[in-house]
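Proteins get letters first, then strands, A, B, ... in listed order; numbering begins at 1 in each. As the structure is a prediction and not an experimental result, all values here were calculated from the model.
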There are 2 protein chains.
Amino acid sequence: MADLKLPRPTDKELEILQILWRQGPSNVRTVNEALNLAKPGEVGYTTTLKLMQIMHDKGLLTRSKSGKTHIYKTLVSEGDAQNQLVDKLIDKAFQGSALKLVMQALGNRKSTASDLNEIRDFLDQLEKGK
Amino acid sequence: MADLKLPRPTDKELEILQILWRQGPSNVRTVNEALNLAKPGEVGYTTTLKLMQIMHDKGLLTRSKSGKTHIYKTLVSEGDAQNQLVDKLIDKAFQGSALKLVMQALGNRKSTASDLNEIRDFLDQLEKGK
DNA sequence: AAGTATATACGAAAGTCTTCGTAAAGGCAA
DNA sequence: TTGCCTTTACGAAGACTTTCGTATATACTT
């Protein structure tokens, strides 16, 4: 899967990627339905089609023909995409400091005690793993 | 300062905000110079001017005349902006889970031991503060 | 075969972001 | 005053995103 760069994943592109990550390879219709379920405003079928065609042109998706329809698959893993987005945010808004982002993310919203404990465990594992 | 919504802070807008957060109230020339210092590609003076005018129109900046020039100030605090960006990222890419974002941010880049300890302390404070 | 439903392809419009050229206004110097 | 330098204002171009209408192809049904 590796290191494909999503140059500037747009909002809609991200939504479509999310759907494909969850549903696995899908045709346009399925994606369009999921898109409309998630959000209030309707999105036309051809709009979704066009978006996915563009993503295919950009190399974000592959497709294969199954009968008359195309089945699309993502070429980026969710983790890779998340990492790139986090990197970008750290760079653009947190002076390159992951620590600052983490503190901001934790500080300004309510976390449950079990969430906090989960992070503690995670920190322990990180240090062990060295 | 409070809760002004930056609707979709663009890359350049963010850069300009960063500069204003660091330098404090500034005129266009100063901001333009800082912009060009930070990055390789030149940005024309009128480009910077236009961007700041638009940000003023959008309500992101105020300005006051000092002699012939305008002095611009931000209307959003850095913390507020960071929070909005983090919220958006959590929503768009981490299924609304701050925990997931934090783990991803910590897991996939190297953190120093003192960073990790700082986070532990921070977690302790969070729990105490309840 | 004809008709219907579903898919794809294409092109274009509207909106936004970034860029800059050019013109106009204000102040300073000779 | 005349001319130069700095600043602002305006407008428009080019790129990109999202949207959809329309046309064309492909299959299924009767």
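Here Asp124(A) pairs with Arg120(B) under the salt bridge (Lys or Arg N to Asp or Glu O under 4.0 Å) rule; sequence neighbours left out. Residues meeting the side-chain contact (heavy atoms from CB on, under 4.5 Å) test with Gln23(B), sequence neighbours left out: Ile19(B), Ser26(B), Thr30(B), Ala34(B). With sequence neighbours excluded, no residue forms a side chain to side chain donor-acceptor pair (under 3.5 Å) with Glu118(B). For Lys68(B), there are no side-chain contact (heavy atoms from CB on, under 4.5 Å) partners at least two apart in sequence or on another chain. Residues satisfying the side chain to side chain donor-acceptor pair (under 3.5 Å) criterion with Arg22(B), sequence neighbours excluded, are Gln18(B). Partners of Gln82(A) according to the side-chain contact (heavy atoms from CB on, under 4.5 Å) rule, which considers only residues two or more places apart in sequence or in another chain, are Glu78(A), Phe94(B), Gln104(B). For Asp91(B), the side chain to side chain donor-acceptor pair (under 3.5 Å) criterion is met by no residue, not counting sequence neighbours.
Think of the region where chain A sits on DNA chain C: with heavy atoms and a 4.0 Å cut, that region ends 5' and 3' at dT6(C) to dA12(C).
Residues Tyr72(A) and Asn27(A) are not in side-chain contact: their nearest non-hydrogen atoms beyond the backbone lie 4.5 Å or more apart.
The nearest heavy atom of DNA chain D to Lys68(A) and to His70(B) marks one nucleotide each, and the one closer to the 5' end goes with His70(B).
Within a heavy-atom distance below 4.0 Å of DNA chain C, the residues of residues 44-56 of chain B found are Gly44(B), Thr46(B), Thr47(B), Lys50(B), Ile54(B). The stretch residues 23-32 of chain B has no heavy atom under 4.0 Å from DNA chain C, so no residue of it qualifies as close.
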Tell me which donor-acceptor pairs under 3.5 Å the side chains of residues 38-55 of chain A have, and how far apart each pair is, sequence neighbours excluded?
{"residue": "Thr48(A)", "atom": "OG1", "partner": "Asn32(A)", "partner atom": "ND2", "Å": "2.5"}
{"residue": "Thr48(A)", "atom": "OG1", "partner": "Gly44(A)", "partner atom": "O", "Å": "3.4"}

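For the pair Leu60(A) CG and dC16(D) C1', the interatomic distance rounds to 15 Å; values are reported in whole Å. Counting to the nearest Å, the P atom of dC16(D) and the NZ atom of Lys12(B) are 14 Å from each other.
Residues in residues 97-115 of chain B take part in these salt bridge (charged side-chain N to carboxylate O under 4.0 Å, His left out) pairs, two or more places apart or across chains: Asp87(A)-Arg109(B).
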